[in-house]
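Below you'll find the structure, written out as structure tokens, and then a few comments.
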Amino acid sequence: QNATSPIMEELIAFHDHALMIIFLISSLVLYTISLMLTTKLTHTSTMNAQEIEMIWTILPAIILVMIALPSLRILYMTDEFNKPYLTLKAIGHQWYWSYEYSDYEDLAFDSYIMPTYFLEPGEFRLLEVDNRTTLPMEADIWMLISSQDVLHSWAVPSLGIKADAIPGRLNQAMVASMRPGLF
């Protein structure tokens, strides 16, 4: 699915940025290898030149900084918590998830996977549930994620969120959807 949150849009842009750097490095290395295999010429003064050693020491450091700075910015953006509009607690169980809207009294429900024989044409196996979680659009939602029994993973890729649900531990994440849809 396409990105529906600002965090996921930033992650996709970072992926494209890093992929372009990797593509350029790979092209340069492939060109150098093919040049070395096809030509018999060697330059003896470059075998022990300190200028080249300086270049191939400093250039990778600059490339790593070019990758690390956007990565750190996105890392801090994912941990930024604004004043949430809503708090949703997701509790993983062995075969289902429980959701609690903490801002409202007695607003909780369980969400079970739909059996394959109940699926309508066009619905996805192991992704359809009997009770979907409804979240407001263009609002910061504070997710509290935990587990009752075993390790689980609560993920919505189009929102750019994936958090582990661990028994006895309460993980938190911020979610914001910028467009309506089923994710």
Side-chain angles (χ1 to χ4, degrees), residues 1-35 52-92 97 99 101-103 111 113 122-129 132-147 150-167 169-183:
Q1 287 183 339
N2 294 331
T4 188
S5 72
I7 297 293
M8 191 59 192
E9 289 174 358
E10 290 287 330
L11 287 170
I12 290 172
F14 173 70
H15 172 268
D16 295 343
H17 170 73
L19 195 62
M20 187 55 68
I21 291 172
I22 291 170
F23 176 74
L24 291 173
I25 291 171
S26 300
S27 299
L28 180 66
V29 169
L30 184 64
Y31 173 72
T32 306
I33 290 173
S34 64
L35 196 64
I52 288 193
E53 289 183 15
M54 290 284 288
I55 289 172
W56 72 49
T57 302
I58 292 174
L59 193 62
I62 292 171
I63 292 171
L64 287 175
V65 168
M66 286 174 51
I67 293 173
L69 290 179
S71 175
L72 287 173
R73 186 178 68 83
I74 294 172
L75 184 65
Y76 284 110
M77 281 176 56
T78 58
D79 283 340
E80 183 179 316
F81 289 96
N82 300 327
K83 184 173 170 45
Y85 177 77
L86 179 71
T87 302
L88 176 65
K89 186 175 182 183
I91 303 167
W97 286 89
Y99 295 99
Y101 291 90
S102 301
D103 299 335
S111 182
I113 293 176
E123 292 182 336
F124 294 107
R125 185 176 157 275
L126 299 178
L127 289 178
E128 294 296 329
V129 293
R132 294 182 177 152
T133 305
T134 305
L135 299 174
M137 187 179 75
E138 296 180 358
D140 290 329
I141 298 148
W142 189 27
M143 291 290 308
L144 300 173
I145 302 154
S146 187
S147 174
V150 296
L151 296 175
H152 296 281
S153 182
W154 194 87
V156 182
S158 62
L159 290 174
I161 182 172
K162 182 175 183 190
D164 293 327
I166 302 168
R169 181 180 174 128
L170 194 62
N171 286 333
Q172 60 185 0
M174 227 27 181
V175 176
S177 176
M178 293 298 135
R179 65 179 171 91
L182 180 63
F183 310 111

Original post:
Tell me, do Val29 and Ile33 make a side-chain contact under 4.5 Å, heavy atoms counted?
Top reply: yes

**OP:** Please examine the side chains of Glu10 and Thr78, heavy atoms only from C-beta on, and report whether any two atoms are closer than 4.5 Å.
**Re:** no

Original post:
Rounded to the nearest 0.5 Å, how far apart are CG of Leu59 and CG of Leu64?
Top reply: 10.0 Å

Original post:
So do Ile161 and Trp154 actually touch side chain to side chain, heavy atoms under 4.5 Å?
Top reply: yes

**OP:** Would you check if Pro167 and Leu151 make a side-chain contact, meaning some heavy-atom pair closer than 4.5 Å?
**Re:** yes

**OP:** Please name the pair of heavy atoms, one in Ile141 and one in Leu135, separated by the smallest distance, quoted to 0.1 Å.
**Re:** CD1-CB, 3.8 Å

Original post:
Minimum heavy-atom separation for Ile55 to Pro60, with atom names?
Top reply: O-CD, 4.0 Å

**OP:** Kindly compute the distance separating CD1 (Ile91) from OG (Ser147), expressed to the nearest 0.5 Å.
**Re:** 9.0 Å

Subject >> Separation of Leu75 CG from Arg73 CZ (nearest 0.5 Å) >> reply: 11.5 Å

**OP:** Look at the side chain of Ser26 and the backbone N and O of Phe23, then say whether any donor-acceptor pair between them is shorter than 3.5 Å.
**Re:** no

Subject >> From OG (Ser5) to CD (Glu138), nearest 0.5 Å >> reply: 12.5 Å

Subject >> Shortest non-hydrogen contact between Asn82 and Glu80, atoms and distance >> reply: OD1-OE2, 3.4 Å

Subject >> Note, Trp142 side chain near Met174 side chain (heavy atom, < 4.5 Å) >> reply: yes

Original post:
Which pair of non-hydrogen atoms, one from Asn2 and one from Arg179, has the smallest distance, and what is that distance?
Top reply: O-NH2, 3.2 Å

Original post:
Do any N or O atoms from the side chain of Gln1 and from the backbone of Leu182 form a donor-acceptor pair under 3.5 angstrom?
Top reply: yes

Original post:
Of the non-hydrogen atoms in Pro6 and Ala176, which two are nearest, and what is the gap between them?
Top reply: CD-O, 4.1 Å

Subject >> Exam field: side chain Ser153 to backbone Asp164, donor-acceptor pair closer than 3.5 Å >> reply: no

Original post:
Between the side chain of Asp103 and the main-chain N/O of Thr87, is any donor-acceptor distance below 3.5 Å?
Top reply: yes

Original post:
Can any side-chain N or O of His17 pair as donor or acceptor with the backbone N or O of Met66 at less than 3.5 Å?
Top reply: yes

Original post:
Side-chain contact, heavy-atom cut-off 4.5 Å: Leu88 with Tyr101?
Top reply: yes

**OP:** Answer yes or no: does atom OH of Tyr76 have more than 12 heavy-atom neighbours from other residues, nucleotides or ligands under 6.0 Å?
**Re:** no

**OP:** First locate atom CE of Met178, then atom CD1 of Ile7, and finally report the distance between them rounded to the nearest 0.5 Å.
**Re:** 9.5 Å

Original post:
Are Ser158 and Met8 side-chain neighbours, meaning at least one heavy-atom pair lies under 4.5 Å?
Top reply: no

**OP:** Calculate, to the nearest 0.5 Å, the distance between atoms CD1 and CE belonging to Ile25 and Met20 respectively.
**Re:** 12.0 Å

Subject >> Closest non-hydrogen atom pair, Ser177 against Phe183 >> reply: OG-CE1, 3.8 Å

